[in-house]
Amino acid sequence: MMREPVGQDEYGSANPFDPDDLTTLNVMGPAVGSNDFEKYAVAVIIVFGALIIGGLMAATLALGHRNGFLYALGGATAAWISGNALLLDRPRIYALFVGIAAVMLIASTITLVI
């Protein structure tokens, strides 16, 4: 079998790893040279954000604070829109809706406490 040029596999696609180095590749793991921390950070933010917003909505419903529930619902909606803006690579719209969500959730917390 004839060896392919460096950087390409047998199908002609780019391959950053030398096939002879598979033993060291398995030791290093698949994430060598990449940064997956951002994905995990976004997942943590989404999960805990959903728990906080859902808990705030449940608390305002349980205590009968309709305005607090509506603020929390508005904050959840703004957070959802900001997630879509992030996927569409619109950082200013993302920042705007994160700010709106934060203000609405603070307002919901204030109506719950007072």
Side-chain angles (χ1 to χ4, degrees):
M1 181 171 137
M2 189 171 142
R3 293 213 28 117
E4 298 296 328
V6 175
Q8 291 184 348
D9 61 6
E10 61 191 49
Y11 301 106
S13 62
N15 186 1
F17 301 111
D18 186 13
D20 297 330
D21 291 339
L22 286 179
T23 56
T24 57
L25 175 64
N26 289 332
V27 170
M28 292 186 296
V32 172
S34 66
N35 186 0
D36 288 336
F37 294 122
E38 183 177 330
K39 293 177 187 176
Y40 294 122
V42 169
V44 167
I45 289 169
I46 289 170
V47 168
F48 284 106
L51 287 173
I52 291 169
I53 293 171
L56 190 56
M57 292 172 79
T60 54
L61 274 179
L63 295 176
H65 294 281
R66 183 188 69 185
N67 292 337
F69 173 76
L70 293 176
Y71 282 133
L73 183 63
T77 304
W80 176 72
I81 292 171
S82 70
N84 290 317
L86 184 64
L87 288 175
L88 296 173
D89 197 25
R90 303 283 185 207
R92 291 184 181 170
I93 295 173
Y94 170 74
L96 173 72
F97 278 102
V98 166
I100 290 170
V103 168
M104 294 187 91
L105 294 171
I106 290 170
S108 177
T109 304
I110 291 171
T111 59
L112 183 63
V113 173
I114 296 178

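Just so you know, these numbers come straight off a predicted model, no measurement behind them.
Taking 4.5 Å as the limit, some side-chain heavy atom of T111 sits within range of a side-chain heavy atom of Y71.
Of the possible polar contacts, none joining the S108 side chain to the M104 backbone as a donor-acceptor pair under 3.5 Å is found.
I53 and L73 fall within a single hydrophobic cluster, where Ile, Leu, Val, Met, Phe, Trp and Tyr side chains are chained together by heavy-atom contacts under 4.5 Å. Placement of L70 and V103 in two distinct hydrophobic clusters is found when ILVMFWY residues are connected by side-chain heavy-atom separations under 4.5 Å, directly or transitively. Note on L56: it clusters hydrophobically with L63, by side-chain heavy-atom contacts below 4.5 Å among ILVMFWY residues.
Atom CD1 of I110 is separated from atom CG of L105 by 11.0 Å, given to the nearest 0.5 angstrom. A distance of 13.5 Å separates CZ in F97 from CG in L86, rounded to the nearest 0.5 Å. A distance of 10.5 Å separates CG in L61 from CG in L112, rounded to the nearest 0.5 Å.
Pairing each heavy atom of M57 with each of A72, the nearest pair is CG-CB, 3.4 Å. Among all heavy-atom pairs drawn from T60 and F69, the shortest one is OG1-CA, 3.3 Å. The minimum heavy-atom distance linking H65 with I114 is given by the pair CE1-O, 4.2 Å. Between I93 and A85 the shortest heavy-atom distance is CG2-CB, 3.8 Å. Contact detail for S82 and A79: the closest heavy-atom pair is OG-O, 2.6 Å.
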